[in-house]
Amino acid sequence: MKRLKKLCALLLASSMALSLVACGPKDTPASSSSSSTPAVSEPEEPKLVPAYSVEGFETVDADGNRIVEGRDATGSQAMAVASKYEVSQVGAEILKKGGNAVDAAVAMGFALGVCEPFTSGLGGGGLATIHTAEGENYFIDFREVAPAAATLDLYVDANGESNGNTRSGGLASGVPGEVAGLLYMLDNYGTMSRQEVMEPAIRIATEGFTVSQYCANAIADAYETALQFPEMQKVYWDENGLPYEAGDVITNPDLAKTLQKIADEGADAFYTGEVAQAVVDSLAEYDGVMTLEDLANYEAQAITPVTGEYRGYQIISSPPPSSGGTHLIEILNILENFDVGALEVNSPEYCHLFAETFKLAFADRAQYMADTAFTDVPLGGLTSQDYADLRAKSINLDTAMEVAAPDDPSPYEHTDTTHFSIADADGNCVAITKTINYYFGSGVMVKGCGFMMNNQMDDFSTDAESVNKVEPGKKPLSSMSPTVVLKEDGSPFMVLGTPGGSRIFSGVAEVISRVIDHKMDLKTAVCVPKIWNCSNKNNFQYEKALKGYEEYAVTEETAAALTEMGHGEIKTAASGAMQSIMFMEDGTLYGIGDPRQDGKAVGVDK
Ligand code: GLU
């Protein structure tokens with residue numbers, strides 16, 4: 001289906017290119033074939049050179065396999081890992097200049113919105129877990145909020161079914177939190193000025209970034225969205241009306257201007273004045289109800305992270321409005337009842353135990369999880385070892401259970417979003433997951449400002465009975481789980497997180513367990529295929545093995561054994577990109593960018 005769409009897009013695009021060939025100097029398929037003419041040689045267009053070089057960094061081999069090697073790094077002083085190599089370079093540059101992990105994180109956050117614009121940006125929101133060198137833990141909630149006029153009736157049809165407005169168009173956006181969140185972090189825990197940390201993002205928006213194959217696919221897949229919301233074309237299609245392709249360089253002068261304004265004037269330049277007006281107007285053009293007041297009222301919040309323990313290690317992660325950290329801890333607490341290390345990774349017994357554990361967590365999630373300003377969430381119970389011990393008793397190691405509880409009302413099974421992790425020489429750690437939800441969010445690009453608006457309203461349920469139903473001023477339930485793991489003595493051990501919708505917290509739990517239970521090195525733990533069961537019912541999914549990790553594959557025999565145990569039909573899925581850091585015994589930092597996307601770690605030495 002996707003291929004067909006892309007083919008149609010390119011066919012249409014090349015027929016458009018034919019009509020443009022007389023006026024366009026770009027080497028389109030059509031223009032390159034008309035080789036006979038040029039009597040008058042046109043001056044060559046100056047080649048754009050992106051600010052941060054990714055020359056020679058290959059992510060896919062000739063056979064289309066994701067390349068695993070070359071994604072990791074070691075640093076004696078600090079480490080920056082993002083799903084874009086350029087952005088890890090930005091983080092390392094700030095750290096080298098003497099910035100701390102928060103300075104680097106803020107710089108990387110703004111830069112990601114420029115060169116991975118389909119996953120996150122100024123029009124989105126996110127969550128951050130911070131562990132300081134002094135041993136303090138903070139959690140910054142910059143999740144989007146439903147506009148004051150966003151009532152449930154706008155999102156359902158006459159039968160009470162979702163009418164699609166949470167997904168696309170002006171009603172799909174929550175009030176964006178990214179600018180408030182990143183600048184709150186900088187003001188409270190950073191050391192550098194806004195100008196210093198935002199300069200790399202402005203530079204990339206001005207000078208451009210090189211389109212990777214992954215990015216090109218995202219742009220091609222959004223072809224129909226760009227037809228529906230033509231403002232997108234201005235940034236993501238070239239001068240011939242063709243979606244940008246791998247190797248092209250994208251600049252975004254409108255975004256550079258918006259970022260510069262924020263750098264000069266602070267968060268108010270986004271939440272009030274002409275940018276806020278452009279947000280409101282751009283959404284209103286597609287039936288949006290967000291107001292200037294909604295934007296002016298937005299505030300990022302510092303709240304208490306959820307904490308737990310796994311076999312002596314401390315887990316610090318996301319509280320509501322994310323379900324992620326709570327269920328990550330619940331999953332690990334349940335697993336603690338079993339000798340996980342004795343099970344072969346991705347064997348039938350291993351898959352069964354994890355799937356059963358995930359089902360229990362998802363049953364609780366559907367029942368209890370939502371914005372705590374609207375619902376009482378029994379966080380203490382959900383993260384307690386005693387409760388997990390009780391839950392573990394319902395696991396039968398031979399047979400799959402049906403969990404008798406309501407199903408999960410918000411099945412956001414997609415792998416959008418972005419995660420990045422930073423650690424500095426003093427031991428400050430920052431884990432941030434941020435998102436505009438689906439790739440390119442709601443489809444609405446803010447006119448003249450160069451950024452896409454989120455479709456985070458889609459993380460609400462449109463079921464009037466759900467605790468997570470749409471309500472004005474409420475935050476939609478997230479799964480994002482930016483996580484820091486500490487050793488028993490309180491010193492940092494790991495910083496990690498991933499995109500992946502409701503596959504996020506189970507994915508984070510798997511990587512933590514593989515490191516702690518199976519003593520895997522971080523690279524192996526990240527690269528081994530993941531497994532999921534994102535519901536309280538059976539829906540086991542597994543990932544195909546990356547090249548070189550076939551020994552950990554979920555085999556046909558394993559799938560058959562799981563079906564035999566009662567897991568039903570076993571399916572494959574692809575999801576996530578874990579950007580992670582480990583504090584090594586010798587005092588160095590090891591980082592790995594997930595080969596599933598464009599990640600590459602950059603270490604900092606003295
Ligand atoms: N909107 C999703 C959430 O908050 C984003 C996660 C993702 O798509 O990866 O959980």
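Just so you know, ligand 1 is whichever comes first in the structure, and atom 1 is the first atom listed for that ligand.
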Going by an N to O cut-off under 4.0 Å, is there a salt bridge joining [X] and [Y]?
| X | Y | value |
| --- | --- | --- |
| R514 | E510 | yes |
| K434 | E178 | yes |
| R167 | D458 | yes |

Which ligand 1 atoms does [X] reach within 4.0 Å, using its non-hydrogen atoms?
| X | result |
| --- | --- |
| T417 | 5 (C), 6 (C), 7 (C), 8 (O), 9 (O) |
| P499 | 9 (O) |
| R143 | 4 (O) |
| G501 | 6 (C), 7 (C), 8 (O), 9 (O) |
| I504 | 6 (C), 9 (O) |
| S479 | 3 (C), 4 (O), 10 (O) |

request  = Give the intermediate values and the outcome of side chain to side chain contact (heavy atoms under 4.5 Å, CB included) for residues L332 and I315.
outcome  = CA-CA 10 Å; L332 292 172; I315 315 290; 3.9 Å; yes
task = Please state which part of D458 comes within less than 4.0 Å of ligand 1, counting heavy atoms only: side chain, backbone, both or neither.
result =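 Neither; no heavy atom under 4.0 Å.
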query = What do the steps show when you test E543 against R596 for salt bridge (Lys or Arg N to Asp or Glu O under 4.0 Å), and what is the final call?
reply = CA-CA 11 Å; E543 194 181 27; R596 293 166 183 86; 2.5 Å; yes
